[in-house]
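Beneath this line is the structure, given in structure tokens, with notes to follow.
Every heavy atom of this structure was used, including side-chain atoms; hydrogens, water molecules and symmetry mates were not.
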Amino acid sequence: MELGNLMWASDFVFLGLSQTQELQLVLFLVFLFVYTTSVMGSLPIMVTVTSDFRLHTPMYFLLRNLAIIDLCFSSVTAPKMLVDFLAEKKTISYQGCMTQIFFHFLGGAMVFFLSVMAYDRLVAISQLLLYVTIMNTQLCVGLVVASWMGGSIHSISQLAQMLPLPFCGPNVLDNFYCDVPQVLRLACTDTSVLEFLVVSSSGMLDVIWFLLLLVSYSSILVMLRSHSGQARRKAASTFTTPIIMVSMVFIPSIYLYVRPFISFSIDKAVSISHTVMTHMLNP
């Protein structure tokens with residue numbers, strides 16, 4: 001479409017992970033397995049927790065919500081990436097690109113939600129006798145809704161800054177999905193202020209939340225020292241996995257958003273870990 005003397009980009013072209021046809025076929029099979037595993041890992045959790053009344057407890061309620069986020073988040077990028085492996089030209093419309101950016105609110109929701117899971121483990125260990133009373137249904141639902149709303153507000157605020165930008169020059173994205181850093185670099189205007197705002201919101205949010213979670217889990221470790229050996233091992237088993245999950249989610253995210261938006265060769269590998277691999281390993 002044309003506005004004044006500017007020709008606005010109607011679509012974007014992905015460079016993808018490889019330009020070699022044989023390698024693309026191999027990558028298609030690999031990531032088809034990864035995405036299928038993510039779906040087949042998350043769906044049984046959702047179905048089992050929903051159907052088994054014995055699992056209608058705060059911890060499993062939260063795990064089911066994590067499975068929903070995993071399934072949705074991986075579905076934002078993986079299906080398009082799989083299709084592009086088999087396509088001669090990897091393109092996405094302007095509207096589709098902005099939609100992908102919006103649906104990254106799921107990443108924000110996960111950031112907030114992991115703190116909810118840390119709070120759940122902290123209450124379970126520090127207030128065991130009052131755990132069911134404190135983590136009641138109303139509180140659990142409220143925390144989950146707050147996580148989704150927090151992610152949505154964060155995403156909408158970034159998308160509102162992206163939509164007015166003119167894209168009238170190169171339309172090639174050196175990636176396999178639309179993300180704010182790569183798309184910002186294509187704008188036909190000075191985006192330094194916007195880059196600073198994104199780094200300040202996304203990057204610093206990740207750093208602060210990551211540090212808070214580390215403090216929370218460190219507090220849990222200190223509390224476990226007063227438990228007996230068997231109780232300590234049982235309690236530790238309930239939050240070892242969340243610690244791994246937190247590291248897998250936050251470390252790539254901090255790398256992508258806490259620095260100036262300059263392209264490095266390792267960026268695609270980190271993006272794969274952030275958008276696809278983590279959600280296969282979570283279940």
Under 4.5 Å between any side-chain heavy atoms of [X] and [Y], yes or no?
X: Phe176; Y: Ile272; value: yes
X: Thr37; Y: Phe33; value: yes
X: Phe31; Y: Leu82; value: yes
X: Gln158; Y: His154; value: yes
X: Tyr177; Y: Val76; value: no
X: Thr57; Y: Met135; value: no
X: Leu86; Y: Phe28; value: yes
X: Leu205; Y: Tyr257; value: no

Verify side-chain contact (heavy atoms from CB on, under 4.5 Å) between Leu122 and Gln127, making sure each step is shown before the conclusion. CA-CA 8 Å; Leu122 185 63; Gln127 302 290 337; over 6 Å; no

ILVMFWY network linking [X] to [Y], side-chain heavy atoms under 4.5 angstrom:
X: Val116; Y: Leu130; value: yes
X: Leu143; Y: Val145; value: yes
X: Met40; Y: Val47; value: no
X: Met204; Y: Val215; value: no
X: Val83; Y: Leu27; value: no

Going by atom types alone, do Asp11 and Thr91 pair a side-chain donor with an acceptor below 3.5 Å? no

Distance alone, cut at 3.5 Å: any donor-acceptor contact between the side chains of Thr275 and His104? no

For Leu194, is there any backbone N or O sitting under 3.5 Å from a side-chain donor or acceptor partner on Thr191? no

Please check this pair: side chain of Asp179 against backbone of Pro181, looking for a donor-acceptor N/O pair closer than 3.5 Å.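 Not confirmed, Asp179 side chain does not pair with Pro181 backbone.
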
[atom1] of [X] to [atom2] of [Y]: how many Å apart, nearest 0.5 Å?
X: Ser271; Y: Leu256; atom1: OG; atom2: CG; answer: 4.5 Å
X: Ile69; Y: Leu114; atom1: CD1; atom2: CG; answer: 7.5 Å
X: Ser74; Y: Met277; atom1: OG; atom2: CE; answer: 12.0 Å
X: Leu186; Y: Asp174; atom1: CG; atom2: CG; answer: 10.5 Å
X: Ile208; Y: Ser115; atom1: CD1; atom2: OG; answer: 12.5 Å
X: Ile45; Y: Asn65; atom1: CD1; atom2: CG; answer: 12.0 Å

For [X] against [Y], the heavy-atom pair lying closest together:
X: Phe73; Y: Gly107; answer: CE2-CA, 3.7 Å
X: Leu159; Y: Met98; answer: CD1-O, 3.7 Å
X: Val276; Y: Ser38; answer: O-OG, 4.2 Å
X: Asp206; Y: Phe250; answer: O-CD2, 3.4 Å
X: Met59; Y: Tyr131; answer: N-OH, 3.5 Å
X: Asn175; Y: Phe14; answer: O-CB, 3.3 Å

Could I get the full list of side-chain hydrogen bond (donor to acceptor under 3.5 Å, both in side chains) partners for Ser157, not counting sequence neighbours?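 Ser157 satisfies side-chain hydrogen bond (donor to acceptor under 3.5 Å, both in side chains) with no other residue.
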
Who passes side-chain hydrogen bond (donor to acceptor under 3.5 Å, both in side chains) against Asn136, sequence neighbours left out? none

So Val49 and Phe61, side-chain contact (heavy atoms from CB on, under 4.5 Å) or not? Walk me through it. CA-CA 7 Å; Val49 174; Phe61 174 79; 5.7 Å; no

In a table with atom names and distances, give each donor-acceptor pair under 3.5 Å that connects a side chain of residues 15-25 to protein atoms at least two apart or in another chain.
{"from": "Ser18", "atom 1": "OG", "to": "Thr20", "atom 2": "N", "distance (Å)": "3.1"}
{"from": "Gln19", "atom 1": "NE2", "to": "Leu15", "atom 2": "O", "distance (Å)": "2.4"}
{"from": "Gln24", "atom 1": "OE1", "to": "Lys90", "atom 2": "NZ", "distance (Å)": "2.7"}

What residues form a side-chain contact (heavy atoms from CB on, under 4.5 Å) with Pro252, not counting sequence neighbours?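 With sequence neighbours excluded, Pro252 shows a side-chain contact (heavy atoms from CB on, under 4.5 Å) to Val270, Ser273, His274, given in chain and number order.
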
Return the set of residues passing side-chain contact (heavy atoms from CB on, under 4.5 Å) with Val39 (not counting sequence neighbours), or none when no residue passes. Tyr35, Leu43, Leu71

Stepwise side-chain contact (heavy atoms from CB on, under 4.5 Å) test for Leu63 and Met117: CA-CA 8 Å; Leu63 286 175; Met117 295 187 69; 3.6 Å; yes

Are more than 12 heavy atoms from other residues, nucleotides or ligands located less than 6.0 Å from atom OH of Tyr255? yes

Show your working on side-chain contact (heavy atoms from CB on, under 4.5 Å) between Asp84 and Ile92 and close with a plain yes or no. CA-CA 10 Å; Asp84 284 344; Ile92 186 171; over 6 Å; no

Pairs where residues 109-129 contributes a residue and the test ring pair (Phe, Tyr, Trp, His ring centres under 6.0 Å) is met, not counting sequence neighbours: Phe112-Trp209

